[in-house]
Protein chains: 2
Amino acid sequence: MTELKQHLNEKGLRLTWQRQVVMEVVGKHKGKHLSSSEIFELVKESHPSIGLATIYRTLPLLEKMKLLNKICLDDGCVRYESYTPKEQEHHHLICMACGAVYEVEQDLLGIKEKQIIRDNHFSIKGYMVKLYGYCESCAEKKSEMKKEVAL
Amino acid sequence: MTELKQHLNEKGLRLTWQRQVVMEVVGKHKGKHLSSSEIFELVKESHPSIGLATIYRTLPLLEKMKLLNKICLDDGCVRYESYTPKEQEHHHLICMACGAVYEVEQDLLGIKEKQIIRDNHFSIKGYMVKLYGYCESCAEKKSEMKKEVAL
DNA sequence: CTTAAAGTGATAATAATTATCAATATCGAA
DNA sequence: TTCGATATTGATAATTATTATCACTTTAAG
Ligand SMILES: [Mn+2]
Ligand SMILES: [Mn+2]
Ligand SMILES: [Zn+2]
Ligand SMILES: [Zn+2]
């Protein structure tokens, strides 16, 4: 039995082709950070009859079942990506100039976690780091502009 | 000359009482994470004639001048707080049950930053860590519920 | 004091997301 | 299999957060 069906059964929910297709589509785009409407468009390619409301219902559901990760990259919409378990969380570099997003595969917090839990009486289930800065090409453009102004 | 006026002058922008009041209001609420409409309500208390559009214009402006921090706590709206410079960045514990937000004053990345810059050819100007978990009271409620189910 | 240009308030317009509801599909039991 | 309780869906109306417009006002340099 597929992992999706398993999770659904546990909660008395039903397996529909809509839920399967959403899982498949996101799974086919590892490394991408897809908005709800982008997922809608991708699903429609193979299943044009699906409704947008179903997408908006399905994504939070899959997230709660930990089959997807929800992320918020400050561009005004929620995005989703394939689930990464706590042990191999990854993080995001966001270019403040062009908005490009790069992934960082590294444990960025490490042992500090335990200390935070002690200090704050807060049990930590996961974390997300967003790093803001400039990608290589945007950094170059910025230094060129400074030169021009100096002339 | 106030820091606000200084920044505005540099860019040929003007000092208005609206901009001053928004700064004041957010400054009076250190530790809070205020949404645009919450800020609107707070400003209206002393200055009822202000328009919502001005709030939405002013906040991103103050953020670009680094007089405010913009944050995104996954609840569907942008929030702002008093500016904290890079050297003393703080981070957020978000309770997945009740939504409460606590602050953590700690450098969570430290030396890893340089390594990230090397590995990714990305200049880092700042970062933000969101830690997800359960606050003390919600953690208790959860364990109580498990007991009940077990009965 | 004048005046050009920046800024504002009211409000219309968008964009993302949620709520409603009648019709349909799923799945365990008969 | 068939049946039926109910979970789910698609269409669409409604909300919510944010942005765009535009005529009028305010700022600040001269
Ligand atoms: Mn990612
Ligand atoms: Mn904070
Ligand atoms: Zn860039
Ligand atoms: Zn809580």
Side-chain angles (χ1 to χ4, degrees), chain A residues 1-2 4-23 25 33-65 67-68 70-80 99, chain B residues 1-2 4-23 25 33-65 67-68 70-80 99:
Chain A
M1 184 155 60
T2 163
L4 173 58
K5 189 168 172 62
Q6 218 157 49
H7 284 259
L8 291 169
N9 279 342
E10 282 174 22
K11 310 197 178 180
L13 305 177
R14 296 173 181 177
L15 180 64
T16 64
W17 62 261
Q18 289 91 335
R19 288 170 178 170
Q20 296 183 68
V21 178
V22 170
M23 270 307 294
V25 160
H33 308 99
L34 301 168
S35 69
S36 306
S37 61
E38 284 167 351
I39 293 169
F40 179 52
E41 294 304 327
L42 287 169
V43 172
K44 273 205 296 190
E45 288 177 9
S46 52
H47 296 78
S49 70
I50 200 164
L52 179 56
T54 299
I55 299 293
Y56 274 107
R57 282 185 208 111
T58 303
L59 290 171
L61 186 120
L62 296 176
E63 193 225 338
K64 275 167 216 135
M65 308 193 309
L67 294 171
L68 295 182
K70 170 184 169 181
I71 48 184
C72 176
L73 299 173
D74 307 343
D75 66 342
C77 68
V78 172
R79 291 175 179 277
Y80 296 87
Chain B
M1 182 158 59
T2 165
L4 173 58
K5 189 167 170 63
Q6 217 158 48
H7 283 261
L8 291 168
N9 278 342
E10 281 174 21
K11 308 195 178 185
L13 305 178
R14 293 171 183 179
L15 181 65
T16 64
W17 62 263
Q18 290 91 337
R19 287 169 181 172
Q20 295 182 69
V21 178
V22 170
M23 269 307 294
V25 161
H33 307 100
L34 301 168
S35 68
S36 306
S37 62
E38 283 167 352
I39 293 169
F40 178 51
E41 295 304 326
L42 287 168
V43 172
K44 272 206 294 192
E45 287 176 9
S46 53
H47 296 79
S49 70
I50 200 164
L52 179 56
T54 299
I55 300 291
Y56 275 107
R57 281 184 209 111
T58 303
L59 291 170
L61 186 118
L62 296 175
E63 193 226 338
K64 272 167 217 137
M65 307 193 310
L67 295 171
L68 294 182
K70 169 184 171 182
I71 48 185
C72 175
L73 299 175
D74 306 344
D75 66 342
C77 67
V78 171
R79 292 175 178 278
Y80 296 88

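Naming: A, B, ... by sequence-line order, numbering from 1 per chain.
Arg19(A) places a side-chain N or O within donor-acceptor distance of the main-chain N or O of Arg14(A), the cut-off being under 3.5 Å.
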Under 4.0 Å protein heavy-atom contact, by nucleotide of nucleotides 13-19 of chain C - B base, S sugar-phosphate only: ---SBBB
Show me the protein contacts with nucleotides 26-30 of chain D, counting only N or O atoms at under 3.5 Å.
residue	atom	partner	partner atom	Å
dT27(D)	O2	Arg14(B)	NH1	2.6
dA28(D)	OP1	Leu15(B)	N	3.0

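For His33(A), the side-chain hydrogen bond (donor to acceptor under 3.5 Å, both in side chains) partners two or more places apart in sequence, or in a different chain, are Glu81(A), His92(A), Glu103(A). Remark: Thr2(A) engages Leu4(A), Lys5(A) in a side chain to side chain contact (heavy atoms under 4.5 Å, CB included) (not counting sequence neighbours). By the side-chain hydrogen bond (donor to acceptor under 3.5 Å, both in side chains) test, Asp75(B) pairs with Arg79(B), sequence neighbours left out.
Two residues are said to be in side-chain contact when any heavy atoms from C-beta on lie closer than 4.5 Å; Met65(A) and Leu62(A) meet this criterion.
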side-chain contact (heavy atoms from CB on, under 4.5 Å) between Leu61(A) and Leu13(A), worked out: CA-CA 10 Å; Leu61(A) 186 120; Leu13(A) 305 177; 4.0 Å; yes
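Residue Gln20(A) contributes atom CD, which lies 14 Å from atom C1' of dT8(D) at whole-angstrom precision. The OH-P distance, from Tyr80(B) to dA17(D), rounds to 14 Å in whole Å. Protein atom CG of Asp74(B) is 16 Å distant from nucleotide atom C1' of dA17(D), rounded to whole Å. Between the C1' atom of dA5(C) and the NZ atom of Lys11(B) lies a distance of 18 Å, rounded to the nearest Å. Whole-Å rounding puts the Leu34(B) CG to dA17(D) C1' distance at 16 Å. Nucleotide dT9(D) holds its C1' atom 10 Å from the CZ atom of Arg19(A), rounded to whole Å. One can place CD of Glu38(B) at 11 Å from P of dT18(D), the figure rounded to the nearest angstrom. Between the CD1 atom of Ile55(B) and the P atom of dA10(C) there is a distance of 12 Å, given to the nearest Å.
Nearest heavy atom pair, residue Ser36(B) against residue Ile55(B), reads O-CG2, 3.6 Å. Residues Ser49(A) and Trp17(A) approach most closely at OG-CH2, 3.7 Å, considering heavy atoms.
Residue pairs that meet the salt bridge (charged side-chain N to carboxylate O under 4.0 Å, His left out) test with at least one member in residues 44-58 of chain B, sequence neighbours left out, are Glu41(B)-Lys44(B).
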